[in-house]
Structures are given as C-alpha cells and as structure tokens.
Protein chains: 2
Amino acid sequence: MKNELPSTSRSLPIALIRAREGVMAPIRDMLSATGLTEQQWRVLRVLAEFGPLDSSTLADRASLLFPSLTRIVSAMAKRNLITQTRDSTDRRRQIIEIAEAGQTLIDEYADEAAQIAGSFRARLGDENYEQLLDLLAMLDPAQRD
Amino acid sequence: MKNELPSTSRSLPIALIRAREGVMAPIRDMLSATGLTEQQWRVLRVLAEFGPLDSSTLADRASLLFPSLTRIVSAMAKRNLITQTRDSTDRRRQIIEIAEAGQTLIDEYADEAAQIAGSFRARLGDENYEQLLDLLAMLDPAQRD
DNA sequence: TAGCAATCATTGATATGTTAAGGACAACAT
DNA sequence: ATGTTGTCCTTAACATATCAATGATTGCTA
C-alpha cells in the first residue's frame with residue numbers, strides 16, 4: 001500500500017513554521033526596541049523564572065543547542081545581561097545567572113510580552129489555546145513518554 | 001491590571017519550537033541520505049506539487065524569505081535539481097522548475113516521507129491531527145482574514 | 001597512579017533566518 | 001522620451017541552527 005505525500009498546504013512542518021512566524025512577528029517588533037534577539041530574550045526569560053542554571057539545563061529549558069548557547073551566552077555576558085561562573089566542584093560546568101541589566105529588561109518588557117501572549121490566547125479562545133499547547137507537547141521529543 | 005508572563009513551559013513560541021524539533025528529527029534523518037537540506041526538500045516538494053513557479057510564489061508556498069530562496073535556488077541549480085529561466089515578458093521575474101534529478105529524488109523518497117507524516121498522524125489520532133493543523137492555521141499571518 | 005572513557009563545553013564550517021540596502025527592470029505620469 | 005515610483009530580486013551583514021571535530025575535566029579502572 002502506497003502512502004501519498006500530503007499536500008504542502010496540509011504539511012505539519014510547514015504549518016509549524018508558519019504558525020511560528022505569526023507568533024514571533026509581534027514579539028520581534030517588541031524586541032527590536034530592546035536590542036535583544038529572540039533567543040537572548042528566551043535565555044533571560046528562563047533565567048528569570050528558574051534562577052541560576054548550569055549550561056545544560058539552560059540549553060534544555062530555552063530549547064537551544066549547545067553551540068548556539070555558547071555563542072549567545074558569550075554575547076550576553078559582554079553586555080552584562082548575565083554572569084558566567086565556573087562551578088567550583090566541577091570545572092567543566094558553568095553556572096549562568098541573570099544580571100541586573102538583564103533583570104531590568106525583563107521587568108521593563110514583561111507586561112508588553114504578556115499582552116502579546118494574551119492576544120494569541122484571545123484569538124484562539126482559552127480552550128483552543130490550551131489544547132494547542134497540549135497537542136504541541138505531544139510532538140515534543142522530550143515529553144514523548 | 002497586570003498580565004503575568006506565562007511560565008516558559010507553557011509558552012507558545014517555545015512549544016512551537018519544540019514541536020518542530022520533534023517533527024523534523026525523523027525528516028532530517030531521512031534527508032541526510034539525500035544530501036538535501038530541509039529547505040531544499042521543501043522547495044522540491046512545492047515544485048513537484050504545483051509545477052513551474054516564479055520566485056515570489058515559490059517563496060510564499062515554501063515559507064521561505066527571499067534572501068534565503070535566492071541562495072537555496074542558486075545552490076540547487078548548481079546541482080541540477082532545478083532550472084531557472086528568466087520570464088520573457090518581465091525580465092525581473094524568474095521561473096523555477098524542477099529538473100529530472102530533483103524529480104527523481106522526490107519519487108525516491110516520497111514513500112518514506114509519507115510514512116513519517118503518517119506516523120505523526122497516528123501518534124495524535126486523525127481528529128487531533130486535523131485540529132492541530134486548523135489551530136496552527138489560525139496563527140498563520142497569511143490566513144488571518 | 002597512569003591511562004582511558006565519558007561528560008561538559010567550545011570551535012569550525014556550512015546553511016538558513018532576518019533586516020537593510022542596492023540593482024535591474026517595468027509601469028506610469030508628465 | 002524622460003523622470004518617478006514601484007516591483008522583483010540580489011547582496012551584505014549579522015545571528016542562529018546544525019553537525020562534526022576538538023579541548024578541558026572528571027571518574028573509573030587496571
């Protein structure tokens with residue numbers, strides 16, 4: 001039996017890309033005022049929520065690959081948005097913590113970011129929004145079990 | 001009234017990224033055997049489905065920005081996967097068409113790609129899968145109206 | 001305790017995403 | 001026919017994604 005490729009208009013990868021474009025557009029508009037990239041914002045968000053983290057955990061929670069994280073963290077440290085500390089018991093590890101300037105940015109833009117998030121929830125409706133998150137989680141390789 | 005930022009674990013942008021990772025992983029595994037990138041595969045898929053297209057339409061249907069498309073198309077033309085022709089009536093435009101080698105790749109891997117797509121549909125169930133596509137479409141800026 | 005494998009992180013190389021600027025052509029008004 | 005404006009596409013510049021290779025430590029083991 002032969003499987004037909006779905007039309008690209010009903011292709012899951014393409015639908016995910018387009019949805020992401022739609023969601024990120026207003027966020028990027030907001031971020032352009034901060035000088036932060038989307039990924040840098042994600043790093044700050046995670047650090048603000050969970051406190052100091054080692055690189056592995058941070059990479060995991062911000063959904064960034066290690067090589068990207070290395071470069072992003074290094075750029076953010078130069079701007080004093082975060083601090084990097086070597087773990088004293090295991091010098092391979094690195095602890096990353098949000099710095100004052102980073103926390104200030106978060107505080108300054110949290111409201112606007114929350115409003116953007118809220119606008120998408122409003123567009124879909126609460127129930128659809130929650131279900132979308134649940135369905136997306138089912139595709140997340142980290143949560144498959 | 002104050003909006004709270006949602007926890008990153010229930011953040012829509014992050015959920016979209018992770019879902020995309022999960023969906024693309026097996027596709028990338030497949031593509032590694034072809035020497036195609038994910039985007040090149042998408043270009044071939046669109047051209048195979050719709051026939052020869054001008055760059056704008058192709059960019060739109062493959063969800064690629066123009067600068068990316070320029071580079072991708074140029075790389076694919078070098079490998080004779082596609083052909084580029086200047087539009088005779090409007091020399092600004094370019095018509096892009098799948099070439100024999102490109103069509104061969106599509107034919108060769110269509111089954112495997114369809115099976116991967118089918119496995120995600122099976123994981124979510126038909127109904128959930130369709131609803132996911134519908135919800136994602138609601139976030140697509142091109143379909144908002 | 002010297003050697004080796006495993007872990008954590010960085011670097012390199014190539015492709016793409018993103019924004020801004022530029023180049024070529026077309027359509028239109030004067 | 002000329003200049004202006006708009007459209008289609010490319011180039012440039014920078015940041016990120018991805019995979020592969022390498023460096024730096026640690027932990028284990030003979």
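Quick caveat: nothing in here was measured; it's all calculated off a predicted structure. Numbers restart at 1 for each chain; the letters A, B, ... are given by sequence-line order, proteins then strands.
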Which pairs would a plain distance check flag for residues 63-74 of chain A, meaning a side-chain donor or acceptor within less than 3.5 Å of a matching protein atom at least two apart in sequence or in another chain?
| from | atom 1 | to | atom 2 | distance (Å) |
| --- | --- | --- | --- | --- |
| A:Ser63 | OG | B:Arg18 | NE | 2.7 |
| A:Ser63 | OG | B:Arg18 | NH2 | 3.4 |
| A:Thr70 | OG1 | A:Phe66 | O | 3.2 |

Can you give me the N/O atom pairs linking the protein to nucleotides 24-29 of chain C at distances under 3.5 Å, or say none if there are none?
| from | atom 1 | to | atom 2 | distance (Å) |
| --- | --- | --- | --- | --- |
| C:dA26 | OP1 | B:Arg91 | N | 3.3 |

Salt bridge (Lys or Arg N to Asp or Glu O under 4.0 Å): pairs with one or both residues in residues 29-42 of chain B, sequence neighbours excluded: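 Every pair satisfying salt bridge (Lys or Arg N to Asp or Glu O under 4.0 Å) with a residue in residues 29-42 of chain B: B:Arg20-B:Glu38, B:Arg28-B:Glu38, B:Glu38-B:Arg42.
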side-chain hydrogen bond (donor to acceptor under 3.5 Å, both in side chains) partners of B:Glu112, counting only residues at least two apart: none
Whole-Å gap separating C1' (C:dT16) and CG (B:Leu36):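 Rounded to the whole Å, the gap is 15 Å.
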Phosphate contact (D:dC9 OP1 or OP2) by B:Ser56 side-chain N/O below 4.0 Å: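 Yes.
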Please report, to 0.1 Å, the donor-acceptor pairs under 3.5 Å made by any side chain of residues 7-16 of chain A, with sequence neighbours excluded.
| from | atom 1 | to | atom 2 | distance (Å) |
| --- | --- | --- | --- | --- |
| A:Ser7 | OG | A:Ser9 | N | 3.2 |
| A:Ser7 | OG | A:Ser9 | OG | 2.9 |
| A:Ser7 | OG | B:Glu49 | OE2 | 2.6 |
| A:Thr8 | OG1 | B:Glu49 | OE1 | 2.8 |
| A:Arg10 | NH1 | B:Asp134 | OD1 | 3.3 |
| A:Arg10 | NH2 | B:Glu130 | OE1 | 2.6 |
| A:Arg10 | NH2 | B:Asp134 | OD1 | 3.4 |
| A:Ser11 | OG | A:Ile14 | N | 3.4 |

Annotated protein contacts, base or backbone, on nucleotides 10-19 of chain D with a non-hydrogen cut-off under 4.0 Å, one of B, S, - each: BBBB-SSBBB
Contacts of B:Asp90 that satisfy side-chain hydrogen bond (donor to acceptor under 3.5 Å, both in side chains) - sequence neighbours left out: B:Arg92
Results of side-chain contact (heavy atoms from CB on, under 4.5 Å) for B:Ala75 - residues two or more places apart only: B:Gln40
Distance, rounded to the nearest Å, where B:Leu53 contributes CG and D:dC9 contributes P: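 Whole-Å distance recorded here is 11 Å.
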d(CG, B:Asp60; P, D:dC9) in whole Å: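 Value for this atom pair: 12 Å.
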Atom pair distance, as rounded to whole Å: CD1 in A:Ile14 and P in C:dT16: 15 Å
Short side-chain to backbone donor-acceptor contact, B:Arg93 and B:Arg86, under 3.5 Å: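 No, because the side chain of B:Arg93 does not come within donor-acceptor range (under 3.5 Å) of the backbone of B:Arg86.
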Residues in side-chain contact (heavy atoms from CB on, under 4.5 Å) contact with B:Ala48, at least two apart in sequence or another chain: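 For B:Ala48 the side-chain contact (heavy atoms from CB on, under 4.5 Å) partners, ignoring immediate neighbours, are B:Ile98, B:Gln103, B:Ile106.
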